[in-house]
Amino acid sequence: MESDPEPNRLLRPMSAAPAPAPAALLAWYDRHRRDLPWRARPGETPDAYRVWLSEIMLQQTTVAAVRPYFERFLARFPTLDSLAAAPSEAVMSAWAGLGYYSRARNLHACAQAVAAAGAFPDTEAELRKLPGIGPYTAGAIAAIAFNRQAAAVDGNVERVLTRLYAVGEPLPGAKGRVRALTEALVPADRPGDFAQALMDLGATICTPKRPACALCPWMRPCRARAEGLQETFPRKAPKSAGALRRGAAFVAVRTGDEAILLRTRPPSGLLGAMAEPPTSEWLPDYDLARALLDAPLEARWQRLPGQVRHVFTHFPLELTVFAARVSKSVAAPDGMRFTPRAALGEEPLPGAMKKVLAHAFAATGLPEPGAAVRPRAGRRREAAPTRASRKGAP
DNA sequence: GACCCGTGGCC
DNA sequence: TGGCCAAGGGT
């Protein structure tokens, strides 16, 4: 890998900042390193099994959440071979609650592959071929467990590096540049400690908000700090804010027990296996005038004023709610059920669908479940007239 | 490159 | 309180 000694020439003339020295970061690390259960103490030899296990658990998961799981997991599966030999149910149950369960499936598959091979590969390229090990994790294991001169670029490191070099290009487009900048800094001496030092720096000093620059070993060479712009990095590409989708939701209330008509969404995909009142398809050009064609059953549907808005990761949704009372004799259509009001709490209703029900309850004057406990508390939003787009005006 | 995957903490 | 974010990877 070739290192550009001046990766950011444009800013160069402005500052007489020295180049960041890996040794300065390592010296800081020696005094301020976090003591973590998966980390080898100074002088100890890192254990690849523990390093790997911790790195998988730490993907998109906080240290605080991982800590107890790591201890428990290691007690239950003390060695790679014991993990490889375990039934998958045991592995999944040890993982239960940590989230991102494909990690656990990949973990188990990876353990079996490594056990069959006899040992973990010790290079980034070979590690990368194992299930659940991507660019970041391969670099982290190679550096930390095998002291290879590899870069482990995660969210922390991206933040540190974009500040250090005032990288103006937004992420994720700048990922390649950031990786190159990181690789150029990785020292031949103690690359494993360097990787961990970079992450500790990002986690404790170079934090997303209010970074503690005064305590940073790299305050002097930091380009962003020199301009007072540290909190503006990393730049991020404006979220593509998918197109608005619209649809209709149908809330049928059964007279007598006040049960609500619900169905379960398909097991995978958006809101997989979650419950919802029946809705139409959600389309950018949904035609409300024909909404009743999408109703789950025949009834005197009443269109409620206003809409329910919900923003998913990736697109905003606007549902118009239709409500109807149906008689006790009406059977739920295939694949649907009437859930009594008292049992709604047991239904896996996602936030968007709770909004739909709340909207219907408010508009029809029915008390929401739990509403009686705290009548008109604090700032309770009225569901009726939709507040039109008020995002525009700051 | 878009999209999906889970959970807890923070403001 | 809800929206954002956190030691990413797979498809």
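A 6.0 Å sphere centred on CD of E44(A) holds more than 12 heavy atoms belonging to other residues, nucleotides or ligands. Remark: R50(A) CZ is packed, more than 12 non-hydrogen atoms of other residues, nucleotides or ligands lying under 6.0 Å away.
Contacts between residues 106-115 of chain A and DNA chain C, defined by a heavy-atom separation under 4.0 Å, are made by N106(A).
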Pair up each side-chain donor or acceptor in residues 191-202 of chain A with any protein partner under 3.5 Å, not counting sequence neighbours, and list the distances.
| from | atom 1 | to | atom 2 | distance (Å) |
| --- | --- | --- | --- | --- |
| D193(A) | OD2 | R190(A) | NE | 3.0 |
| D193(A) | OD2 | R190(A) | NH2 | 2.9 |
| Q196(A) | OE1 | R39(A) | NE | 2.9 |
| Q196(A) | NE2 | G192(A) | O | 3.4 |
| D200(A) | OD1 | R34(A) | NE | 3.0 |
| D200(A) | OD1 | R34(A) | NH2 | 2.8 |
| D200(A) | OD1 | R39(A) | NH2 | 2.8 |
| D200(A) | OD2 | R34(A) | N | 2.9 |
| D200(A) | OD2 | R39(A) | NH1 | 2.9 |

Tell me which donor-acceptor pairs under 3.5 Å the side chains of residues 72-83 of chain A have, and how far apart each pair is, sequence neighbours excluded?
| from | atom 1 | to | atom 2 | distance (Å) |
| --- | --- | --- | --- | --- |
| R76(A) | NH1 | S93(A) | OG | 3.4 |
| R76(A) | NH2 | S93(A) | OG | 3.3 |
| T79(A) | OG1 | S82(A) | N | 3.0 |
| T79(A) | OG1 | S82(A) | OG | 3.3 |
| S82(A) | OG | T79(A) | N | 3.1 |
| S82(A) | OG | T79(A) | O | 2.7 |

For nucleotides 7-11 of chain B, give me every protein contact, N/O to N/O, under 3.5 Å, one pair per line with atom names.
| from | atom 1 | to | atom 2 | distance (Å) |
| --- | --- | --- | --- | --- |
| dT7(B) | OP1 | Y101(A) | OH | 3.1 |

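Between R159(A) and N156(A), the side chains place a donor N or O and an acceptor N or O closer than 3.5 Å (distance only, hydrogens not considered).
Counting non-hydrogen atoms under 4.0 angstrom, S54(A) reaches nothing in the nucleic acid. Within the nucleic acid shown, R34(A) comes within 4.0 Å of at least one base atom, counting heavy atoms only. No engagement by W95(A) is indicated, since no non-hydrogen atom pair under 4.0 Å with the nucleic acid exists. Heavy atoms of I56(A) sit nowhere under 4.0 angstrom from any nucleic acid atom. P172(A) comes within 4.0 angstrom of nothing in the nucleic acid, heavy atoms only.
Summarising the geometry, the separation between CZ on R105(A) and P on dG8(C) is reported as 19 Å, rounded to the nearest angstrom. L127(A) has its CG atom 12 Å from the P atom of dG9(C), to the nearest Å. Here the P atom of nucleotide dA2(B) and the CG atom of L171(A) are 14 Å apart, to the nearest Å. Rounded to whole Å, atom C1' of dA6(C) lies 15 Å from atom CG of D200(A). Rounded to whole Å, the distance from CZ on R159(A) to P on dA6(C) is 6 Å. Across the protein-nucleic acid pair, M57(A) atom CE and dG9(C) atom P stand 16 Å apart, rounded to whole Å. K355(A) has its NZ atom 14 Å from the P atom of dT1(C), to the nearest Å. The CH2 atom of W52(A) sits 15 Å away from the C1' atom of dG9(C) (whole-angstrom rounding).
Nucleotides of DNA chain C nearest to V63(A) and R128(A) differ in position, and the one nearer the 5' end is that of V63(A).
Atom name P, nucleotides dG6(B) and dT11(C): the rounded distance is 14 Å, in whole Å.
Within the structure, every pair that satisfies the side-chain hydrogen bond (donor to acceptor under 3.5 Å, both in side chains) test and touches residues 119-129 of chain A, not counting sequence neighbours, is listed here: D122(A)-R148(A), E126(A)-K129(A). Residue pairs meeting the side-chain hydrogen bond (donor to acceptor under 3.5 Å, both in side chains) criterion with at least one partner in residues 201-217 of chain A, sequence neighbours excluded, do not occur; the list is empty.
Scored by the side-chain hydrogen bond (donor to acceptor under 3.5 Å, both in side chains) test, E71(A) finds no partners at all (sequence neighbours excluded). For the salt bridge (Lys or Arg N to Asp or Glu O under 4.0 Å) test, no residue two or more places apart in sequence or in another chain qualifies with E231(A). Looking at residues two or more places apart in sequence or on another chain, you find a side-chain hydrogen bond (donor to acceptor under 3.5 Å, both in side chains) between R235(A) and T232(A).
In this model, the phosphate group of dG6(B) is not approached by any side-chain N or O of R103(A) to a distance below 4.0 Å at OP1 or OP2.
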